[in-house]
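Take a look at the structure below.
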Amino acid sequence: QVQLVESGGGLVHAGGSLRLSCLASTIIFRHNTMAWYRQAPGKQRELVASITRDGTTTYADAIEGRFTISRDSAKNTVYLQMIGLKPEDTSIYYCHTNWMNVDYWGQGTQVTVSS
């Protein structure tokens, strides 16, 4: 079964940190690019960060160097380490991959940053 299971969201004050985790099925984790998206109320879903199988990363300009995406092959897990969080980062964060031309999404984890 192809599944993405997210965890690590929560409520933090501005300037705080969180680490999001996405546990993926082995069959897709070993061969696919993994990505984090987010969607805030009234906004369209946007790409935050991605990492390829060989470790190439990309980030949205809006995060301004505050986030780091990484993957642990032994645990089939992709992480998003977030520091210096701002209220504008408040969103539901989704893990994403594509396997055999099918898009797979996690259920989403809520990140709320208070001012």
Side-chain angles (χ1 to χ4, degrees):
Q1 308 301 310
V2 177
Q3 291 186 330
L4 304 173
V5 181
E6 299 148 310
S7 61
L11 173 64
V12 297
H13 188 70
S17 301
L18 287 171
R19 188 179 72 164
L20 307 184
S21 299
C22 174
L23 177 63
S25 302
T26 299
I27 192 168
I28 60 173
F29 189 86
R30 290 179 177 178
H31 301 284
N32 287 52
T33 295
M34 307 294 294
W36 288 97
Y37 287 73
R38 67 185 182 186
Q39 187 167 23
K43 304 289 186 180
Q44 62 184 18
R45 191 169 297 187
E46 63 179 352
L47 177 65
V48 176
S50 66
I51 183 166
T52 67
R53 187 189 62 82
D54 64 0
T56 301
T57 59
T58 186
Y59 298 95
D61 290 342
I63 70 171
E64 301 174 324
R66 298 173 295 119
F67 297 178
T68 302
I69 188 170
S70 61
R71 60 196 299 159
D72 186 333
S73 296
K75 297 181 178 180
N76 292 346
T77 300
V78 62
Y79 302 97
L80 186 68
Q81 179 66 57
M82 305 184 293
I83 63 172
L85 284 162
K86 303 176 180 180
E88 66 196 64
D89 296 318
T90 296
S91 291
I92 301 174
Y93 284 72
Y94 298 92
C95 188
H96 170 268
T97 193
N98 182 282
W99 182 67
M100 299 291 288
N101 296 317
V102 177
D103 288 304
Y104 292 89
W105 296 91
Q107 78 286 351
T109 185
Q110 177 71 46
V111 172
T112 303
V113 185
S114 66
S115 60

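Just so it is clear, the values below take in all heavy atoms, side chains as well, and ignore hydrogens, waters and symmetry mates. Start at 1 with the first residue, then count along the sequence.
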Without placing hydrogens or testing angles, list every side-chain donor-acceptor pair under 3.5 Å for residues 74-82, not counting sequence neighbours.
from  : atom 1 : to    : atom 2 : distance (Å)
Asn76 : ND2    : Thr26 : OG1    : 2.3
Thr77 : OG1    : Lys75 : O      : 2.9
Gln81 : NE2    : Leu18 : O      : 3.4

Quick one: do Trp36 and Tyr94 end up in the same hydrophobic cluster if we chain Ile, Leu, Val, Met, Phe, Trp and Tyr together by side-chain heavy atoms under 4.5 Å apart? no
Quick test of your reading: applying side-chain hydrogen bond (donor to acceptor under 3.5 Å, both in side chains), list the pairs with at least one residue in residues 2-12, sequence neighbours left out, ordered by first then second residue. none
Quick one: OG on Ser73 to CZ on Arg71, what's the gap to the nearest 0.5 Å? 6.0 Å
In this structure, OG1 of Thr68 is separated from CD1 of Ile63 (nearest 0.5 Å) by 7.5 Å
Listed partners of Ser17 passing side-chain hydrogen bond (donor to acceptor under 3.5 Å, both in side chains), at least two apart: none
Tell me, please, which residues at least two apart from Lys86 pass salt bridge (charged side-chain N to carboxylate O under 4.0 Å, His left out). Glu64
Scan residues 23-67 for pairs that pass disulfide (SG to SG under 2.5 Å), counting only residues two or more places apart or in two chains. none
Nearest heavy-atom neighbours spanning Ser70 and Ile51: CA-CD1, 4.0 Å
Closest heavy-atom pair and its distance - Gln110, Ser91: NE2-O, 3.4 Å
Pairs meeting criterion salt bridge (charged side-chain N to carboxylate O under 4.0 Å, His left out) with involvement of residues 32-47, two or more places apart: Arg38-Glu46, Arg38-Asp89
Measure the spacing between OG1 of Thr57 and CZ of Phe67 and express it to the nearest 0.5 Å. 14.0 Å
Could you pull out the closest heavy-atom pair between Arg66 and Leu85, with the gap in Å? NH1-CA, 3.8 Å
List in chain and number order the residues that pass ring-ring contact (aromatic ring centres under 6.0 Å, His included) with Trp105, two or more places apart in sequence or in another chain; answer none if no residue qualifies. Tyr37, His96
Hydrophobic cluster membership, with links at side-chain heavy-atom distances under 4.5 Å among I/L/V/M/F/W/Y: are Tyr59 and Val111 in one? yes
Out of curiosity, does Tyr93 fall in the hydrophobic cluster containing Val113 (side-chain heavy atoms, cut-off under 4.5 Å, transitive links)? yes
Going by the rule side-chain contact (heavy atoms from CB on, under 4.5 Å), which residues pair with Leu4 if we only count those two or more places apart in sequence or in a different chain? Cys22, Ala24, Ile28, Met34, Cys95, Thr97, Tyr104
Residues two or more places apart in sequence or in another chain: which of them pass side-chain contact (heavy atoms from CB on, under 4.5 Å) with Asp54? Thr52, Thr56
